[in-house]
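We count residues from 1, following the sequence as given.
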Amino acid sequence: MLNYVQLITTPTADTCGTCLLLHFDNKRYLFGNIAEGTQRALVQRNVGIQKIEDIFVSGVINWHNAGGLLGTVLTLADTLAGKTEALIAQNRERQKKGKRLTEIISPRVSIHGGKNTAYLLATARRFIFRKGLPLTPHEVYDDPRSTTQEGSGPDWKDTNIKVWYMPVQSGTPPPSSTKKRTHEEYTEVSKTRQGSASPRSTTPDNGDSREVLNTIVTQMFDSDWSMDALVETTLYKAKLPAKVFVRDERGHIRIYSGPLPGDGKEVPDIPVLVRQPWPGAMVGTLPSTEPSRQSLCYIVKSHDRRGKFNREVAERFGVAKTDFKLLTSGKSVFGRDGERVTPEMVIGETIPGNGFALVDLPDASYIDGLVNRKEWSDDTIMNGIQVIFWILGDGVKDDSQLQAFMQRLSSIKHIVSSADSCPNMIALESVAAQAFKIRCIDPDRFPLPVYNNEASVSNIPTDSSSLYEVGRTGKMIQFAPQYLQQDDKIIPFPDIEKLAREDLSDEVLEMAKQAKAKVSDPEFLAKIEKVESDIPNRDAEVITLGTGSALPSKYRNVSATLLRVPGCGNYLFDCGENTLGQLRRVFGNDLPEVLRELKGIWISHLHADHHLGTASVIKAWHEATSEMSPLPKLFVASHAHMILWLEDYAAVEDYGFDRVQTSLFMRRDPDNLDWKYTCKPWTLTRYETERFGLKQIDVCFVQHCFGSQATVFTFPTGLKVAYSGDCRPDFRDFVEIGRGATLLIHESTFDDELQGDAYAKKHSTMSEAIEVGRRMGARRVLLTHFSQRYQKVPLVEENLDALRAADAQDDDEKVRLDQVVLVAFDYMRIKLGDFRKAQAFLPAVQKLFQDVQDDQ
């Protein structure tokens, strides 16, 4: 059986953590940091996850180490569910043909980690729900080899491996508690809590708290909840917005269409039926916890293997070939002459198990606790350990005590993977090559991702040492059938230009040349100046950081769009997983300044692909602004459940939530009752406008999932930016609040021929998105959130009449003629005043992707 461990990620801008894949032919395991970007790196490396059942998270449980865990588990759950459905369908066909049915074993997943593992998973109870995937957190609270619990036995094992947990405590006391939020800051959040569980526990590690958390996690992944189940309540108690049903005089269920609370009309308090939320969403509060100072490390070994079967000796004893299997399974047989043949007579010496250790030290305060652990001097545990993978915080690799420890274990290979040692290479070469291709067509809108093969993500030159080897993605250590170090598996530094040039035809380059000549023509530029003279903030820039839907792919990350308005600030519309990594690739060393100008984050809804990068962005902003005076605030505007998730997670890690000003949009606008899905706008005071750069935020509910909202940001200069989030086209409320928008950013998940898919999955087609912009009167439309099934570019026709807007007789005609539609790509940077220029290059871009193979 082939058995190896391989580095899947090392610290780069794309992948902030270190992740190992342990392979056996029958099963795979993940070890290390399941950081943001991990699942996308698995796709890039073509690593299948359907055989993964156990994930071992190393280090302290925080967002840096486990920020990709929720997304990875979701993808794993969907992959395993798809595998099960395929087997069920296969069995139906086999049954029709009278063939033997394939045994279907229900998948199970276990998450091993330190303190707060279950709590981290449970914070997602309001937006993660899957059925039929039992998920078990194996949380390490206590040291399994403390002075009162001696022993060399493994803490966990299966048919392939034995695992020893090594929790290491920091040698320094925890920092003082951060400032608590004021009563006023919590008031709006507290009002939204429904169905609260028991009061918060005063002791974070008691048994009852653990049981509560494990039950919540079980309900998130293996519940018997049914979406079609309706429960009876009264109209006043129904949680709105939601579909409300009533029974007619014949007892039949129909949709209620009468007045609702908040409409300003008399509302009958009648019995109604509503859908019951899944069980996890009914839990209002979690048992209390606090940030952990425990870093979990592992020692991993395979089981002893039987020696090699000696066929020649067996034949010499006259053993029949049919009995060979009995001997290899440990049973004795009789030879040709009746002589008893035992396994020891034909099988070589047992091959001892071998493996590796994974050590995760966030800072130097953990070193003393690590080097003094008993495991290192226990031969039963350490025999066969061939390599130690070191995941280290900045500066830890230079600590003299740690280096002396490595020297003491010099017979073992040491591989260091840290943010100050590993090269900041391009880890996602597919999207980087795509960016280079488009840059060859339109260099002004498509910069190259920032990378450095000779320096780390911490901007420190990569080094080498006689004590250790610097970790590189792809590095493989094979344990069976024989021990090998396979450096040929290391991923070379990508030659992005070579990868990009493969699909750049002369025809495409000629089309790009013609487009460049067009946008350089003085007459063309003069018309643009005339027609766009009334557009405010033409220097405002849109950076599309993630333009794909559902889950990360090779070519598109999940949703995130940054708007930069000089003189006002920077604003994020949605913040999918690894948005911070995308920001690092776009801005490089300039990112701290970009973060210091970040004023607010808008989250459209609680699907994971739209918000799982929020915590890390807030933390990066918190660190970038920590020395400013006065300390700035950051607003996060969204549905209440998003704010509650951020609050829940703040118990795991101090990431700056106490400096966040939240803005909830749940109530209807009492001054605009004709539009029943429009929320009361946030009209900023003069002080708030100075702080956040905005005049007003308008919001309406849209058709997608519970709590889905579209928004419009209005600036003091008159700039008006509308953002759809995910939704079916909303020609009523969204068009109304966005009327006269300068820019509409709208989802365009499906091509027009997939209208049925768009309707069924509550998304928009390209034509529907453009129609929203037309009815809204938006001057610029940017399409994003494309299905990950396709790398190709939707066909958007250039508005050939648009420049006639310069000669329009009235403003309405000018707006109608001047609408410009663009398609977004990851890393694209486009100013409002450059939409018309960028549109001229679109035919060349579409031609480039015309024959691209879809290999998502």
Side-chain angles (χ1 to χ4, degrees), residues 1-11 17-24 28-33 45 47 54 56-59 112 154 157 160-166 168 295-305 351-361 366-367 370-371 373 375-392 396-397 399 402-418 421-422 462-491:
M1 177 182 288
L2 181 62
N3 168 214
Y4 62 81
V5 64
Q6 186 173 30
L7 275 166
I8 298 300
T9 66
T10 58
T18 299
C19 182
L20 306 173
L21 175 76
L22 179 61
H23 170 93
F24 287 82
R28 288 176 164 183
Y29 312 78
L30 289 181
F31 281 86
N33 306 148
R45 304 273 75 86
V47 175
D54 288 275
F56 296 81
V57 184
S58 70
H112 307 251
K157 63 180 180 180
N160 293 324
I161 60 174
K162 298 175 288 185
V163 179
W164 288 264
Y165 302 136
M166 291 198 301
V168 179
S295 182
L296 189 57
C297 309
Y298 301 95
I299 294 176
V300 186
K301 284 204 305 187
S302 60
H303 293 285
D304 294 348
R305 310 195 313 274
I351 303 172
N354 55 5
F356 65 95
L358 176 63
V359 176
D360 194 318
L361 304 178
Y366 292 86
I367 294 176
L370 183 278
V371 301
R373 288 199 63 86
E375 289 87 351
W376 305 120
S377 57
D378 189 325
D379 291 341
T380 302
I381 297 174
M382 291 300 295
N383 284 343
I385 298 303
Q386 308 280 5
V387 59
I388 300 178
F389 292 95
W390 297 88
I391 302 176
L392 304 177
V396 178
K397 64 181 174 61
D399 185 272
L402 184 65
Q403 291 183 351
F405 179 76
M406 289 184 181
Q407 186 65 48
R408 180 157 63 88
L409 297 180
S410 58
S411 61
I412 298 175
K413 185 172 187 62
H414 300 279
I415 299 177
V416 170
S417 182
S418 65
S421 64
C422 297
T462 54
D463 61 0
S464 59
S465 169
S466 59
L467 289 175
Y468 59 81
E469 175 184 326
V470 173
R472 287 282 305 276
T473 302
K475 171 75 176 185
M476 181 185 292
I477 304 291
Q478 180 180 295
F479 299 117
Q482 65 269 350
Y483 178 76
L484 293 171
Q485 291 192 45
Q486 296 185 292
D487 289 347
D488 60 312
K489 303 295 184 182
I490 292 176
I491 304 300

Okay, side chain of [X], backbone of [Y]: is any donor-acceptor separation there less than 3.5 Å?
X: Thr9; Y: Gly17; answer: yes
X: Gln478; Y: Gln482; answer: yes
X: Asn3; Y: Phe24; answer: no
X: Glu375; Y: Met382; answer: no
X: Ser58; Y: Cys297; answer: no

What I'd like to find out is whether the side chain of [X] reaches to under 4.5 Å of the side chain of [Y], using heavy atoms alone.
X: Asn160; Y: Met1; answer: yes
X: Phe479; Y: Tyr4; answer: no
X: Leu20; Y: Ile8; answer: no
X: Leu296; Y: Tyr165; answer: yes
X: Pro11; Y: Ser417; answer: yes
X: Phe405; Y: Leu370; answer: yes
X: Lys301; Y: Ile385; answer: yes
X: Val300; Y: Val5; answer: no

What heavy-atom pair brings [X] and [Y] nearest, and what distance separates the two atoms?
X: Ser418; Y: Lys397; value: OG-CD, 4.2 Å
X: Arg472; Y: Thr10; value: C-CG2, 4.0 Å
X: Val371; Y: Arg408; value: O-NH2, 3.8 Å
X: Val470; Y: Ser421; value: CG1-O, 3.5 Å
X: Gly32; Y: Ile391; value: CA-CD1, 4.2 Å
X: Asp378; Y: Thr380; value: OD1-N, 2.9 Å

Would you please test Arg28 and Val47 for side chain to side chain contact (heavy atoms under 4.5 Å, CB included) and show each step? CA-CA 10 Å; Arg28 288 176 164 183; Val47 175; 3.7 Å; yes

Interatomic spacing from [atom1] in [X] to [atom2] in [Y] - rounded to 0.5 Å:
X: Lys157; Y: Ser302; atom1: NZ; atom2: OG; value: 13.5 Å
X: Ile412; Y: Ile388; atom1: CD1; atom2: CD1; value: 4.5 Å
X: Leu30; Y: Phe56; atom1: CG; atom2: CZ; value: 10.0 Å
X: Ile367; Y: Asp399; atom1: CD1; atom2: CG; value: 3.5 Å
X: Gln486; Y: Gln6; atom1: CD; atom2: CD; value: 8.5 Å
X: Met476; Y: Asp487; atom1: CE; atom2: CG; value: 11.0 Å

Distance flag, aromatic centroids of Phe356 and Phe31, threshold under 6.0 Å: yes

Compute the centroid of each ring, for His414 and then for Tyr468, and state whether the two points are separated by less than 6.0 Å.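 No; Tyr468 has its ring centre 6.0 Å or more from that of His414.
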
Side chain to side chain contact (heavy atoms under 4.5 Å, CB included) between Ile351 and Asp304: does it pass, once the steps are laid out? CA-CA 6 Å; Ile351 303 172; Asp304 294 348; over 6 Å; no

Please identify each residue that fulfils side chain to side chain contact (heavy atoms under 4.5 Å, CB included) with Lys413, with sequence neighbours left out. Val387, Ile415, Glu469, Lys475, Gln485

For a side chain to side chain contact (heavy atoms under 4.5 Å, CB included) check, start with the C-alpha distance between Tyr483 and Ile477, then their side-chain angles and the critical distance, and finish with the verdict. CA-CA 7 Å; Tyr483 178 76; Ile477 304 291; 3.4 Å; yes

State which residue, out of Leu358, Thr18, Val416, fulfils the side-chain contact (heavy atoms from CB on, under 4.5 Å) condition with Phe389.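 When Leu358, Thr18, Val416 are each tested with Phe389, the side-chain contact (heavy atoms from CB on, under 4.5 Å) holds only for Leu358.
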
